[in-house]
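Here's the structure, in structure tokens; my notes come after.
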Amino acid sequence: MKTIWLVVPCYNEEEVLPETSRQLKAVMNSMIERGKISSESKITFVNDGSKDGTGDICDRLGYNHVDLPVNCGLASGFKCGCKYAYRNGYDAVVQFDSDGQHRPEYIPVMADAMEKEGADIVIASRGLAGGGAVGARGIGAKLITTLIKAGTKQTITDPTSGMRMYNRSMIEAYAKSFDLAPEPDSIALLMRNGAKVI
């Protein structure tokens, strides 16, 4: 049974954090009850030097969390979670934005896809569901998709998605690398080096 470490980087998310936490806990508890994942699976909020009440909410509501003393950025928050997951033998890490834009009920779908497809990374695609970025962000995402395809011969429909699942080998890569970040260019690099991304 797989152990999943869900990493939720947070920066000034006091307004949405309780609801995001409630939704994530419901999905994780359901997966544990159905025997899809081990009861050792956990959610960790990485409070990335927030200036609002994010840290206080984590303390008051008893969230499993890490408080970074200053804002270090997404990469540092995510790598913090990967280091813990790697050192404690977790099978998969889920990167999940804390701002409420993602749908946690797709985490089990991602876990199934990783197992069935033998994927190293599973990216939740807003584009496949008929959504995705619009305006300048949408144009930027399409440009990134085109560049990734040119460099890897593979199509990533939502390269800027903040909802991704990484297997054990990818956890190790992020935990040990100095300059690997959870960004589209790193995904393309990992793909060029043989990582299977779906």
Side-chain angles (χ1 to χ4, degrees), residues 3-29 37-38 40-104 106-107 110 120-124 133 137 140 144 158-190 195:
T3 52
I4 293 178
W5 190 256
L6 209 150
V7 179
V8 188
C10 310
Y11 180 67
N12 294 341
E13 298 291 358
E14 66 179 2
E15 292 182 13
V16 294
L17 199 57
E19 180 59 18
T20 299
S21 172
R22 186 195 64 74
Q23 292 178 11
L24 288 172
K25 286 179 180 178
V27 167
M28 294 289 277
N29 288 338
I37 58 174
S38 163
E40 296 298 311
S41 299
K42 303 284 183 210
I43 303 168
T44 292
F45 296 90
V46 180
N47 175 25
D48 190 16
S50 296
K51 293 178 171 51
D52 67 355
T54 296
D56 295 335
I57 289 171
C58 288
D59 289 335
R60 190 176 73 249
L61 298 180
Y63 296 166
N64 184 31
H65 70 286
V66 174
D67 290 311
L68 301 181
V70 294
N71 180 243
C72 299
L74 172 65
S76 293
F78 177 70
K79 286 170 74 88
C80 174
C82 282
K83 286 178 187 293
Y84 184 92
Y86 176 68
R87 290 174 186 161
N88 291 279
Y90 278 77
D91 297 309
V93 159
V94 175
Q95 169 193 351
F96 193 92
D97 288 344
S98 58
D99 59 8
Q101 69 172 298
H102 299 305
R103 296 176 58 187
Y106 284 100
I107 294 171
M110 296 170 74
D120 297 298
I121 302 171
V122 178
I123 301 174
R137 290 190 79 171
I144 293 168
D158 194 354
T160 60
S161 173
M163 185 175 173
R164 300 177 182 153
M165 182 176 284
Y166 302 83
N167 73 3
R168 178 81 180 148
S169 65
M170 295 296 102
I171 295 170
E172 181 176 6
Y174 278 97
K176 291 183 172 181
S177 171
F178 174 73
D179 57 358
L180 202 59
E183 300 293 348
D185 57 334
S186 293
I187 299 293
L189 174 65
L190 291 165

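For this chain, numbers begin at 1 and follow the sequence in order.
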Does any part of the side chain of [Y], heavy atoms only, come nearer than 4.5 Å to the side chain of [X], both counted from C-beta?
| X | Y | value |
| --- | --- | --- |
| Val8 | Leu24 | yes |
| Met28 | Ser41 | yes |
| Tyr90 | Lys42 | yes |
| Cys10 | Tyr63 | no |
| Asn71 | Tyr11 | yes |
| Ile43 | Asn64 | no |
| Asp91 | Trp5 | no |
| Cys58 | Leu17 | yes |

Which atom of [X] lies closest to which atom of [Y], heavy atoms considered:
| X | Y | result |
| --- | --- | --- |
| Gly89 | Arg168 | CA-NH1, 3.6 Å |
| Met110 | Met163 | SD-CE, 3.6 Å |
| Ala75 | Pro182 | CA-CD, 3.7 Å |
| Val7 | Val93 | CG2-CG1, 3.9 Å |
| Ile57 | Pro18 | CG2-CG, 4.2 Å |
| Val27 | Pro104 | CG1-O, 3.4 Å |

Backbone N or O of [Y] within a donor-acceptor pair of the [X] side chain at under 3.5 Å?
| X | Y | result |
| --- | --- | --- |
| Lys79 | Leu74 | no |
| Asp48 | Gly73 | yes |
| Thr44 | His65 | no |
| Thr3 | Glu40 | no |
| Thr20 | Val16 | yes |
| Arg60 | Gly55 | no |
| Asn167 | Ser169 | yes |
| Ser161 | Ile123 | no |
| Lys83 | Ala175 | yes |
| Asn12 | Lys51 | yes |

(Q) With no hydrogens and no angle check, just 3.5 Å: does a side-chain donor-acceptor pair link Asn47 and Thr54? (A)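 No, because no side-chain N or O of Asn47 sits under 3.5 Å from a partner of the opposite role on Thr54.
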Q) Is it the case that Tyr86 and Lys176 place a side-chain donor and acceptor less than 3.5 Å from each other? A)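 Per modelled atom types, Tyr86 and Lys176 side chains form a pair under 3.5 Å.
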Spacing of [X] atom [atom1] and [Y] atom [atom2] [to the nearest 0.5 Å]:
| X | Y | atom1 | atom2 | answer |
| --- | --- | --- | --- | --- |
| Met170 | Cys82 | CE | SG | 10.5 Å |
| Phe96 | Met165 | CZ | CE | 11.0 Å |
| Asp97 | Glu13 | CG | CD | 8.5 Å |

(Q) Does the plane of the ring in Tyr166 sit parallel, tilted or perpendicular to the ring in Tyr174? Use 30° and 60° as the thresholds. (A) perpendicular
Q: Take Asp120 and Leu190 through the test side chain to side chain contact (heavy atoms under 4.5 Å, CB included) and record every step on the way to the result.
A: CA-CA 9 Å; Asp120 297 298; Leu190 291 165; over 6 Å; no
Q.
A quick test of your reading: do over 12 heavy atoms of other residues, nucleotides or ligands sit less than 6.0 Å from CD of Glu15?
A. no
Q: Report the C-alpha distance between Glu14 and Asp56 in whole Å, list the side-chain angles of each, state the deciding distance to 0.1 Å, and finish with yes or no for side chain to side chain contact (heavy atoms under 4.5 Å, CB included).
A: CA-CA 9 Å; Glu14 66 179 2; Asp56 295 335; over 6 Å; no
